[in-house]
Amino acid sequence: MARSKPTDSPAPTGKAGRAPGSSSRGRGASTAGTAAGTGKPAKAPKLGKDGQPKKKRLAKLRNNARMMKQAYSLTYKNDPRLPWIMLITFVVVAGVVELIGILLGIPFFLLPFAVMLGLLAALIVFGRRAQGSAYRQVEGQPGAAAWVLEGMRGDWRVSSGVAGTTQLDAVHRVLGRPGVILVAEGSPSRVRPLLAQEKRKLARVVGDTPIYDITVGDDEGQVPLKKLSTHVMKLPRNLSAAEVNALGRRMSALGGPKMPVPGGPMPGGRQMSVSQRQIRRR
């Protein structure tokens, strides 16, 4: 009796015969967004209010510490007494708080609060001294008023150098809740015609919106540079946020700056650092 030959079934062809590891182009494209080597989908970075990716807390702390160190070294060059003043402030404030704790019979309980309040007082003194040092460096230089205006807290839309002269006299335009503010720096006899010209130009666009004019200087009727931001922020609030936005769209037809203004004036042509701007804002 003849023995039958075993027959091997042929390997299946087509889609069913593909090995598990082989995949089509479409499937490979669908996994392109996965993290390399993990097989897990890559997470999109979290965005902040400004639409930019959020920075990690540790990176923010390192950045703030670096800026504080830079601001301290810059301020120390112009104010050598700064460390001693900060130390005396810390000792006095912490000592007073600890003395209160001793009188109340709880010295160890108030010790952490004494240290924290002493550090806070020293930081406040540092901020004030850094602000004063920055103002002393930029005072009397072209673009100083623009530098102060651009560092103000809040929604202030600053257009630097909307008018000026060849002697570096300049008029800056600020849009905010009070209305439109024109800030002039330079010789009063030269900036007065510039202010009048800008007022006439603005009146055709802003209608009944209040227009304020300020001349920076130390003479009578002028505003000192170190008090400029305080003076502007104390102006009455005449517009709502929506009205400011609408007015900003209308004023865009006036165009931007007409003359170059130094960004962050410093003695010797150096620019003011970002850290000093942030210290001044605080």
Side-chain angles (χ1 to χ4, degrees), residues 49-50 124 127-128 130-132 134-136 138-140 142-164 169-259 261 263-265 272 276-282:
K49 294 181 180 180
D50 55 355
I124 292 174
R128 297 288 185 182
Q131 179 181 4
Y135 279 124
R136 285 193 298 271
V138 302
E139 194 168 9
W147 177 77
V148 172
L149 295 170
E150 290 171 357
M152 292 191 304
R153 297 186 299 268
D155 184 15
W156 300 96
R157 307 174 190 189
V158 181
S159 299
S160 305
V162 294
D169 306 301
V171 175
H172 315 295
R173 186 176 65 228
V174 183
L175 174 61
R177 297 287 295 275
V180 182
I181 307 151
L182 296 175
V183 180
E185 58 177 331
S187 173
S189 60
R190 292 194 296 261
V191 298
R192 199 174 295 115
L194 295 177
L195 282 174
Q197 180 182 352
E198 284 300 312
K199 273 190 172 183
R200 290 194 298 267
K201 186 190 304 181
L202 284 170
R204 295 194 295 265
V205 177
V206 302
D208 296 332
T209 302
I211 302 176
Y212 300 90
D213 63 279
I214 299 171
T215 303
V216 177
D218 297 323
D219 297 334
E220 187 178 356
Q222 298 179 342
V223 178
L225 182 67
K226 61 183 179 181
K227 297 182 179 180
L228 176 60
S229 59
T230 304
H231 181 84
V232 171
M233 288 190 289
K234 283 185 176 181
L235 293 174
R237 300 298 189 255
N238 301 309
L239 305 177
S240 63
E243 290 173 332
V244 171
N245 292 331
L247 186 59
R249 288 191 292 269
R250 295 207 307 268
M251 289 178 59
S252 61
L254 295 174
K258 304 296 188 300
M259 58 172 294
V261 176
M272 180 65 64
Q276 279 187 309
R277 286 174 180 263
Q278 293 184 347
I279 289 295
R280 183 167 51 84
R281 290 180 185 180
R282 294 171 185 174

Minimal non-hydrogen separation, [X] against [Y], with atom names:
{"X": "Tyr212", "Y": "Pro236", "value": "OH-CG, 3.5 Å"}
{"X": "Thr209", "Y": "Leu247", "value": "CG2-CD2, 3.7 Å"}
{"X": "Leu239", "Y": "Gly176", "value": "CD1-O, 3.9 Å"}
{"X": "Glu185", "Y": "Ala145", "value": "OE1-N, 3.2 Å"}
{"X": "Lys199", "Y": "Ile211", "value": "CG-CG2, 4.1 Å"}
{"X": "Pro210", "Y": "Asn238", "value": "CG-ND2, 3.5 Å"}

To the nearest 0.5 Å, what is the distance between [atom1] ([X]) and [atom2] ([Y])?
{"X": "Leu202", "Y": "Leu182", "atom1": "CG", "atom2": "CG", "answer": "5.5 Å"}
{"X": "Leu228", "Y": "Trp147", "atom1": "CG", "atom2": "CH2", "answer": "11.0 Å"}
{"X": "Ile214", "Y": "His172", "atom1": "CD1", "atom2": "NE2", "answer": "11.5 Å"}

Quick one: which residue pairs count as a salt bridge (Lys or Arg N to Asp or Glu O under 4.0 Å) with a foot in residues 220-245, not counting sequence neighbours?
none
Name all residues meeting the salt bridge (Lys or Arg N to Asp or Glu O under 4.0 Å) criterion together with Arg250; count only those two or more places apart in sequence or in a different chain, and write none if there are none.
none
Quick one: list whatever passes side chain to side chain contact (heavy atoms under 4.5 Å, CB included) with [X], sequence neighbours left out.
{"X": "Ser187", "value": "Asp169, Ser189, Arg190"}
{"X": "Arg192", "value": "Pro188"}
{"X": "Arg249", "value": "Asn245, Ala246"}
{"X": "Asp218", "value": "Glu139, Pro224"}

With the side chain counted from C-beta on, respond yes when Val244 and Arg157 share a heavy-atom pair under 4.5 Å apart, and no when they do not.
yes
A side-chain contact here means heavy atoms from C-beta on lying under 4.5 Å apart; do Leu195 and Thr215 qualify?
yes
Decide yes or no on side-chain contact (heavy atoms from CB on, under 4.5 Å) for Val180 and Met251, but give the supporting numbers first.
CA-CA 10 Å; Val180 182; Met251 289 178 59; 3.9 Å; yes
Out of Val148, Leu175, Leu149, Val183, which residue meets the side-chain contact (heavy atoms from CB on, under 4.5 Å) rule with Val158?
Leu149
